[in-house]
Amino acid sequence: VQLQASGGGVVQAGGSLRLSCAVSGRTFSSSGMGWFRQAPGKDREFVSAISSSGGYSRYADSVKGRFTISRDDAKNTVYLQMNSLKPEDTAVYYCAAGRSAAAFRAYDYNYWGQGTQVTVSS
């Protein structure tokens, strides 16, 4: 199973980015997908997750109303649209695949991508 995250970059505060995570080697449609992030010197934290059906999603309070997770089963890809970015959103963002639920705990995910860097300048 391989997860390939992309879409990171440098953006000014208030800007937007869209992260993508392409999944291969697994039945994507039966996988719950999540996004986590890790800032320098901090623990990895939950950002957002979406259920295998796409019918349920959840967000960390810090990104609620600004980030939107979605999935395209035809492309085996999950997205994270990030709007109104803040300097505190700066981190390496990781996508993960797990069971069907939209889990918020890292240990519920079996497979992880390599991460993509997001830097928000003030």
Side-chain angles (χ1 to χ4, degrees):
V1 178
Q2 290 188 325
L3 285 74
Q4 182 70 43
S6 61
V10 180
V11 64
Q12 289 189 331
S16 299
L17 284 173
R18 188 177 80 155
L19 305 183
S20 300
C21 177
V23 181
S24 61
R26 176 180 174 89
T27 305
F28 180 77
S29 60
S30 64
S31 299
M33 299 297 298
W35 286 96
F36 292 75
R37 67 187 181 186
Q38 187 167 20
K42 295 188 177 181
D43 294 333
R44 188 172 299 191
E45 66 174 1
F46 170 76
V47 176
S48 181
I50 189 167
S51 63
S52 57
S53 68
Y56 181 74
S57 57
R58 64 199 305 173
Y59 299 90
D61 287 344
S62 58
V63 307
K64 203 170 292 184
R66 300 187 297 123
F67 290 11
T68 303
I69 192 170
S70 62
R71 62 189 295 151
D72 184 339
D73 286 2
K75 296 182 178 180
N76 283 9
T77 301
V78 63
Y79 303 98
L80 185 69
Q81 178 66 44
M82 307 186 295
N83 299 329
S84 302
L85 283 161
K86 304 175 181 180
E88 51 264 43
D89 294 319
T90 295
V92 177
Y93 283 70
Y94 298 90
C95 60
R99 294 175 293 181
S100 60
F104 63 91
R105 296 170 298 193
Y107 66 73
D108 284 322
Y109 292 90
N110 307 107
Y111 305 100
W112 292 80
Q114 85 289 358
T116 184
Q117 176 71 48
V118 172
T119 303
V120 185
S121 62
S122 57

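All heavy atoms count here, side chains included; hydrogens, waters and symmetry mates do not.
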Student: Is there a side-chain contact between V78 and W35 in this structure, where contact means two heavy atoms from C-beta onward sitting under 4.5 Å apart?
Tutor: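 With C-beta onward as the side chain, the pair touches.
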Student: Where the side chain of Q114 meets the backbone of Q4, is there a donor-acceptor pair that is under 3.5 Å apart?
Tutor: no
Student: Looking at Y59 and I69, would you say the former's side chain and the latter's main chain have a donor-acceptor pair under 3.5 Å?
Tutor: yes
Student: Counting only heavy atoms not in Q2, do more than 12 fall under 6.0 Å of its CD?
Tutor: no
Student: Does any N or O in the side chain of R71 come within less than 3.5 Å of the main-chain N or O of G54, such that one atom is a donor and the other an acceptor?
Tutor: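 No; zero donor-acceptor contacts below 3.5 Å.
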Student: Where do Y109 and A49 come nearest, in terms of heavy atoms and distance?
Tutor: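 In this case the closest contact between Y109 and A49 is OH-CB, 3.4 Å.
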Student: Could you tell me which non-hydrogen atom of T116 sits nearest to which non-hydrogen atom of G8, and how far apart they are?
Tutor: OG1-N, 3.1 Å
Student: Near K64 NZ, under 6.0 Å, is it more than 12 heavy atoms from other residues, nucleotides or ligands?
Tutor: yes
Student: Determine whether S48 and L80 satisfy the following criterion, side chain to side chain contact (heavy atoms under 4.5 Å, CB included), listing intermediate values before the conclusion.
Tutor: CA-CA 8 Å; S48 181; L80 185 69; 4.1 Å; yes
Student: Closer than 3.5 angstrom, by distance alone: can the side chain of T90 be matched with the main-chain N or O of V120 as a donor-acceptor pair?
Tutor: yes
Student: Determine whether V92 and F36 make a side-chain contact, defined as any pair of heavy atoms from C-beta on separated by less than 4.5 Å.
Tutor: no
Student: With a 4.5 Å limit on heavy-atom distance, are the side chains of V1 and N110 in contact?
Tutor: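 When only atoms from C-beta onward are counted, N110 and V1 do not touch, as no gap falls below 4.5 Å.
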Student: Can F67 be reached from M33 by stepping across I, L, V, M, F, W or Y side chains whose heavy atoms are under 4.5 Å apart?
Tutor: yes
Student: Do the non-hydrogen side-chain atoms of Y111 and V23 ever get within less than 4.5 Å of each other?
Tutor: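 Y111 does not reach V23 side chain to side chain.
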Student: Does any non-hydrogen side-chain atom of V11 lie less than 4.5 Å from one of M82?
Tutor: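 With C-beta onward as the side chain, the pair stays apart.
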Student: Using the six-membered ring of F104, assess whether NZ or CZ of R58 lies under 6.0 Å from its centre and within 45 degrees of the ring axis.
Tutor: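 Cation-pi check for R58 and F104: fails.
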Student: Indicate the atoms forming the closest heavy-atom contact of S16 with S84, along with that distance.
Tutor: OG-N, 4.3 Å
